[in-house]
Structures are given as C-alpha cells and as structure tokens.
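Note that this is a predicted model, so its numbers are computed, not measured.
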There are 2 protein chains.
Amino acid sequence: MTKTTPQKKTRSRDPERTKAQLTEAALSEFADHGFHGARVDRITRAVGCNPRLLYHYFGSKEKLYVAVIEHIFADIRAQERDLELARLEPLAAMRRLVEFTYDFFDGNPLFVKMARNENMLEGKFIVQTEAVRTSSQPLIDAISGIIARGLADGVFKHRYDALQIYISIVALSAYHLNNGHTLTAIFGVDLLSPEWRQERRAHTIAMVMNAVTGGDSSCKS
Amino acid sequence: MTKTTPQKKTRSRDPERTKAQLTEAALSEFADHGFHGARVDRITRAVGCNPRLLYHYFGSKEKLYVAVIEHIFADIRAQERDLELARLEPLAAMRRLVEFTYDFFDGNPLFVKMARNENMLEGKFIVQTEAVRTSSQPLIDAISGIIARGLADGVFKHRYDALQIYISIVALSAYHLNNGHTLTAIFGVDLLSPEWRQERRAHTIAMVMNAVTGGDSSCKS
DNA sequence: AAGTTAATTCATAAAATACTTACTTAGACT
DNA sequence: AGTCTAAGTAAGTATTTTATGAATTAACTT
C-alpha cells in the first residue's frame, strides 16, 4: 500500500525547523491578537504540529512570547546601524533619517504590533531583554551631530532636542499604523490604504524638514 | 444581635448607580488589560457587586465593552466642539488647536488606551458605533480654514492637507503615550514622567508652528 | 398592607484554554 | 545491528473564566 498522500501523520524530525516555524507562527498570532488574545492552539495548528511541541521547546506561552519579542527587537538594531548619517550633510542626513524611519515602520507591521503589545503589558518583558537597551545612544548621538552641524552651517533654523525630534519622526511615521482603524472610522478616510500612506510619507518628510529648516526656498505657496 | 456594621451584605437598590459603577470599573479594566486580558470577575469585585449583575445589565462581556467604547468616545466630541477656531487669527488658532489636542490626550489616558484596544481588535466595535463618525468633518473644515487664511495672510509658508496635519498633531501629542514603555526601555529616558511630558508639550507646539510658518522671528539659534 | 416589579444573591453549568503524563518512533552514534 | 536520545504523538487533566437558572429581597404602586 503505497502512501501516495503522505497524510503528515508523522512530522519529519527537524527541531530547528519546528522551533523556527513555531516562532514565526507565534509572531503572527501575538501580533494579531496580543498576548492574552493569542491562542497556543492556533499557533500549533498553524504550524501543523502537536501542541505538546510548543511546551517541549518553549516551556510556556509566556516564554514563547519572550522569545518572539527578543527575535523581533533583534532585527531593528541591525537595520539602524548602516545609516551612516555622519557622512552626509545635515539636510541630506535628516531627510535620510526620516525616510528610513518611515519606511522601516511602514514595512514592518509585525514589529509595530508587537511594540503595541509590549506597551499594553507595560513593557513587562522588554525590560528583561538585554539586547534592547544597547546601541540606541549611537543613533541619538548621530542626530545630535546632524543638528549641531546644521545649526553651524545655518541651514537649520531651530534647535531641537535630539531625542524629542527622533520621537517626533517616529510618531509621524507610525501613529497612523497604530491607530489606523479608529482614525479611519472617525474620519471616513482609510489611513491604512497604500495611497494614503504614500501621501503620509511625503507629508512626514515635508513636515520634519520644514520644522527643522524653517522657511526656505521650498516655499510652495 | 444588632448589626452595627452593615456589612454591605445587601446592596442598596440603585440600578443607575450600579450600572455606572460597572461601566467605570469596566473602563479601567479594559483600558489596563485589553478586551481579552480583562476579567469580568475583577470588574465586579472592583464594584463590590455580584457577578451576576454584570450580565443582568449588560448581557455579556462583549456588550459591556461596546458600552464602554461608546461612553468614552462620546466625551471627546463634546470637548472638541467649543474650540471656536474660526474666530482666532491663523497663528493663534493653530497654536490653540495643538495645545488643546496635546492636553486632551495627556489628560485622558483611558481614552488613549481604549483607542489602542479598539485598534488591536481592528476597530471591530467602533465601526458599529453611530456617534463616532459624526462631526469630525467640522474640525477638518476648521483646520482647512485656518490654513487657507494663514496662507492668504502670508503667515503660513506651507500648504498642508488638513487631515494630514491634524493626524500629525495627534501623532506628536500621543505617540509617546501609546508607546512609552518600549521607548523608555530603548532610550533609557522615562517618556511618561511629568517632566518629559512637559518638555514634549513645548516641543510639539514648537515643531508644528515651525513646520507651518517656516522660518520666522521665533528663530532661536 | 398586599401585590407587582425588578434588583440582587446563590449555586452551578458550560466552555475555553493552558499545560501534563505517558507513550511511540525516527534518527544518530557506536 | 543494536541502543540511546530526543523529536514527536495521543489523550487527557486542571484550572480559569464566561455565563445562567432560579430563588430572594428590596422598593414602589395602588
């Protein structure tokens, strides 16, 4: 009796693959439903493995969540590293920072959602994560440098705190992603559509650049 | 045996009070833990009433949640109404809008949290709420008016879309409230402290005004 | 004061859900 | 080939959590 349909009764043994699949499925599940809304059952069904395996590899729902958090927060730092803002002139550097930041959030919805979850849990798990606090200072220092050079050159007209302006860039880039559904309901415009987001990108860049440079030649009216 | 301590064995009968207490306790519970994290048991214990009452008055956890959503979204519109932006000159009107918006979010953490929950649920319940879509247009129209007048007067140097700039104001005002815990963990600065929020307020106002007016006399460097 | 309504309580069902005990078997290693 | 380890399976349990049926009691009406 040749099994033409290999009914996946038994999984081929590959712990690395299984762990990776569980992590990925858990990421989707936690991102979509939050920690409390997530169901371990749905995760294992998505992977197609036995529920017991989740506990075999991760121990508990909570530990799986921590693994997912560490996994997704590990990525962001890597991407931030090679921005090389110091090499560019202030205007170009600032513009690049805004574009990069916008595109990062726009392109990483799972990160955005996991951050939301963590904040819902009051950062309970992220504070335990080692790799997070590392290397945020270089970015802030780079921004301080841009601002200082811009002011020295005279192209920047206002002195902003580096952290404040970075938070602003992030806020302008990501707020509509966090709150798209309520805003869409309130204003009757789909803030999550590709079209609106494209306009949002341009607006974010324009607003930050205008705020930094003050009135310059780009005056449009 | 005289009961000197009326052990609140029996609740005095006051359905309005009971309903109001349940709604309020539910607001706290849902805001803090989200829909799935919220426990009906905790809500009734907070009120000190019998669990059965929650179902008697609201029918289900879900219906209670809807009641809470409608309750908290009803408030915001009322506050927005008497801004009277049209009467002020463009600069003053814009500043007032930013200040009002910032202070509203800063002063209504429960609203911020409930909005987060709703977005987590993809706006599932808010779309059913009648009162939400109403009267957001007047605000956008008012902002359009401010921008048009500002450009005509020459005090505004850039033409922004009214909805885009309003979303920006909201984003700058509220992003750190939504994501305070992760940002605090990442940057090692407590973004939720009163001190930082006070600086944030000034930064938000400065940034929006600078973005709108371009470089003007308020150049500080 | 009796009678009606509905607010409140008591006890418990019913469902969902995270987690376990006990077992099987594939694959690696000698 | 035989054995040992751990990946995977089957089936189940314990607990939490939402929800209900029916009795009880306070307040209001006439």
Using the side chain to side chain donor-acceptor pair (under 3.5 Å) criterion, which residues pair with B:Q21? Sequence neighbours excluded.
B:R11
Listed partners of A:E16 passing side chain to side chain contact (heavy atoms under 4.5 Å, CB included), at least two apart:
A:D14, A:K19
Of residues 30-43 of chain A, the positions that come close to DNA chain C - non-hydrogen atoms, cut-off under 4.0 Å
A:A38, A:R39, A:V40
Using whole Å, what does the distance between atom P of nucleotide C:dT8 and atom CZ of B:R45 come to?
19 Å
Is it true that A:E84 and A:R87 make a salt bridge, defined as a side-chain N closer than 4.0 Å to a carboxylate O?
yes
For residues 33-53 of chain A, which residue pairs pass the salt bridge (charged side-chain N to carboxylate O under 4.0 Å, His left out) check, not counting sequence neighbours?
A:E29-A:R42, A:D41-A:R45
If only side-chain N and O atoms of B:T18 are considered, is one of them under 4.0 Å from the OP1 or OP2 phosphate oxygen of C:dT8?
yes
Sequence-distant partners of A:F111, ring-ring contact (aromatic ring centres under 6.0 Å, His included), two or more places apart
A:F73, A:F104
Proximity to DNA chain C (any heavy atom under 4.0 Å), residues of residues 49-64 of chain A only:
A:R52, A:Y55, A:S60, A:K61
Which pairs with one or both residues in residues 104-123 of chain B pass salt bridge (charged side-chain N to carboxylate O under 4.0 Å, His left out), sequence neighbours excluded?
B:D32-B:K113, B:D106-B:R197
Side chain B:Q128, main chain B:K124, donor-acceptor under 3.5 Å:
yes
Residues forming a side chain to side chain contact (heavy atoms under 4.5 Å, CB included) with A:E70, sequence neighbours excluded:
A:V66, A:T129
Roughly what angle, to 10°, lies between the helix axis at the start of the helix from C:dA1-D:dT30 to C:dT30-D:dA1 and the one at its end, five pairs per end?
10°
Are there more than 12 heavy atoms of other residues, nucleotides or ligands under 6.0 Å from atom NE2 of B:H36?
yes
Taking the side chain from B:N117 and the backbone from B:F35, do they hold a donor-acceptor pair closer than 3.5 Å?
no
B:S173: what forms a side chain to side chain donor-acceptor pair (under 3.5 Å) with it, not counting sequence neighbours?
none
For B:A174, which residues count as a side chain to side chain contact (heavy atoms under 4.5 Å, CB included) partner, sequence neighbours excluded?
A:Y175, B:F105
What does the list of N/O pairs under 3.5 Å between the protein and nucleotides 25-29 of chain D look like, with a distance for each?
| residue | atom | partner | partner atom | Å |
| --- | --- | --- | --- | --- |
| D:dT25 | O2 | B:R13 | NH1 | 3.2 |
| D:dT25 | O2 | B:R13 | NH2 | 2.3 |
| D:dA26 | O4' | B:R13 | NE | 3.4 |
| D:dA26 | N3 | B:R13 | NH1 | 3.0 |

Do the ring centers of B:Y166 and A:F187 come within less than 6.0 Å of each other?
yes
